[in-house]
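Written out below as structure tokens is the structure these notes cover.
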Amino acid sequence: MLPHNAPTHWRILTLLKEKNGAYFSGALLASQLGLSRTGVWKQIRHLISLGYHIDSHPKEGYRLVAVPDLLLPEEILPNLDTTWLARTYHHLRQTTSTNEVLLRLASEGAPNGAALTSEEQVQGRGRLRREWISPPGAGIYVSVLLSTPLPVMEAAHATSVAALALVKTLRHKYGLHPQIKWPNDVLLSGKKFVGILTEMQSDQDLTRFLVVGIGINVNQTHEDFAGIFRYPPTSVAIELGSHLSRQELLIDFLNRFEALYDLFLDEGFPALSTDLEQASAILGKIITVHRGKEEIHGKALRFSPEGALIVSTQDGNEEQIWVGDVTRVEGTF
Ligand code: BTN
């Protein structure tokens, strides 16, 4: 559905789409929208500048030939089923980091659920001050703002919700079976294709807001991964063997994210734990986790009802881990 305050170019786009590639007369467009013929042409030029391929013909009028696979609000918003997520939606051609910009917008009062995507990031950031390589148009770089206060200890669960939403999107839409390398990586065939970075502002023990930043390798090819990566990388296109629509993936992901986050807010972590355990790349395995300067080595057993990772260590203790970085996964006992 078109937003009620949609700008004119967007209304023209909707009319052209309804024609399924056939011509729409310029005179008719002008009269339907209360514009002059030059006014229509101006709007068409704007659509072309956004990346739409539109043919114009002196007698026949205009026809939409192709829609760009850009994460434009014109393509994302009409197809979302969400109530609050991404209802405020910003899209940039290039930025430093979507997390950085959305954190700033959040402190200036952006609403709960605001989302920001960029076609390219020049200072994409990963966890532990690493870089997230974000070439133009290949991946999805999106940040979402979650303003419902949570105990700070539970902020990491927003990362798990994002990871689980992606697992479900990949499973249901593409028949793939990703696994979550707790807490913030999602893997396909044991290689990383998603990284999640959750940043927050808090008042004592409660979060003021969270910005969950998700980087998804979608259409990257092997050549895009020529550099050195800490963890072997892959993309959805590499695993599927075909190029795919970033728009469709993002829409499905945002729809699932909202549903799962609402479930988590209503029922808490236990509502997610079975799905998280099934999708886990580490449970039952011997892992090494870095928690600050501390290194914990042991078998990843399960998640506690509150959402901590339980690891049994060699001295027979069970450690509860809330935040950490899994550096090694070594197979089962
Ligand atoms: C990691 O694996 O270390 C986390 C990577 C997170 C990357 C995403 S891309 C969108 C958002 N903006 C950023 O600068 N980072 C996150």
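Along the sequence shown, the residues carry numbers beginning at 1. Counting starts at 1 for both ligands and their atoms, in listed order.
Near Asp185, the atoms of ligand 1 lying under 4.0 angstrom from a non-hydrogen atom of the residue are 2 (O). Near Thr98, with a cut-off below 4.0 Å to any heavy atom, the atoms of ligand 1 are 10 (C), 11 (C), 12 (N). Atom numbering of ligand 1 starts at 1 in the shown order; those under 4.0 Å from a heavy atom of Gly126 are 1 (C), 3 (O), 4 (C), 5 (C). Interface atoms of ligand 1 facing Gly124, defined by a heavy-atom separation under 4.0 Å, are 14 (O). Atoms of ligand 1 lying under 4.0 Å from any heavy atom of Val142, numbered from 1 in the order shown and given with element: 10 (C). Annotation for ligand 1: atoms under 4.0 Å from non-hydrogen atoms of Ile196 are 4 (C). Below 4.0 Å from some heavy atom of Ser97 lie the following atoms of ligand 1, by number and element: 12 (N), 13 (C), 14 (O). Atoms of ligand 1 found under 4.0 Å from any heavy atom of Arg125 (numbered from 1 in listed order, with element): 5 (C), 6 (C), 7 (C), 13 (C), 14 (O), 15 (N), 16 (C).
Residue contacts with ligand 1, taken as heavy atom pairs separated by less than 4.0 Å, involve Ser143 solely via side-chain atoms from C-beta onward. Of the heavy atoms in Asn184, only side-chain atoms (C-beta onward) come closer than 4.0 Å to ligand 1.
Screening Gln94, Arg93, Arg246 for a side chain to side chain donor-acceptor pair (under 3.5 Å) involving Glu119 leaves a single residue, Arg246.
Residue Lys192 has at least one N or O atom closer than 3.5 Å to an N or O atom of ligand 1. When only interatomic distances are considered, the shortest N/O to N/O separation between Arg127 and ligand 1 falls below 3.5 Å.
Stacking of Lys168 on the aromatic ring of Phe257 is not recorded, the 6.0 Å distance cut-off and the 45° axial limit not both being met. Relative to the ring axis of Tyr231, Lys192 does not place its NZ or CZ within 45° and under 6.0 Å from the centre.
The protein non-hydrogen atom at the shortest distance from atom 5 (C) of ligand 1 is Trp132 CE3, 3.5 Å. The protein non-hydrogen atom at the shortest distance from atom 8 (C) of ligand 1 is Gly215 N, 3.5 Å.
Residue Lys173 places its NZ atom among more than 12 non-hydrogen atoms of other residues, nucleotides or ligands, all under 6.0 Å distant. By the neighbour-count criterion of 12 heavy atoms within 6.0 Å, atom NZ of Lys42 is sparsely surrounded, having that number or fewer from other residues, nucleotides or ligands. Taking a 6.0 Å sphere around CD of Glu294, one finds it holds more than 12 heavy atoms contributed by other residues, nucleotides or ligands. A 6.0 Å sphere centred on CG of Asn317 holds more than 12 heavy atoms belonging to other residues, nucleotides or ligands.
Side-chain contact of Gln121 with Thr98: a donor-acceptor pair under 3.5 Å is present, judged by distance alone.
Residues Glu319 and Arg291 have side chains in contact (heavy-atom distance under 4.5 Å, counting atoms from C-beta outward).
At least one heavy atom of Gln121 sits less than 4.0 Å from an atom of ligand 1.
The aromatic rings of Phe303 and Phe269 sit perpendicular to each other, their planes meeting at more than 60°, with 30° as the lower class boundary.
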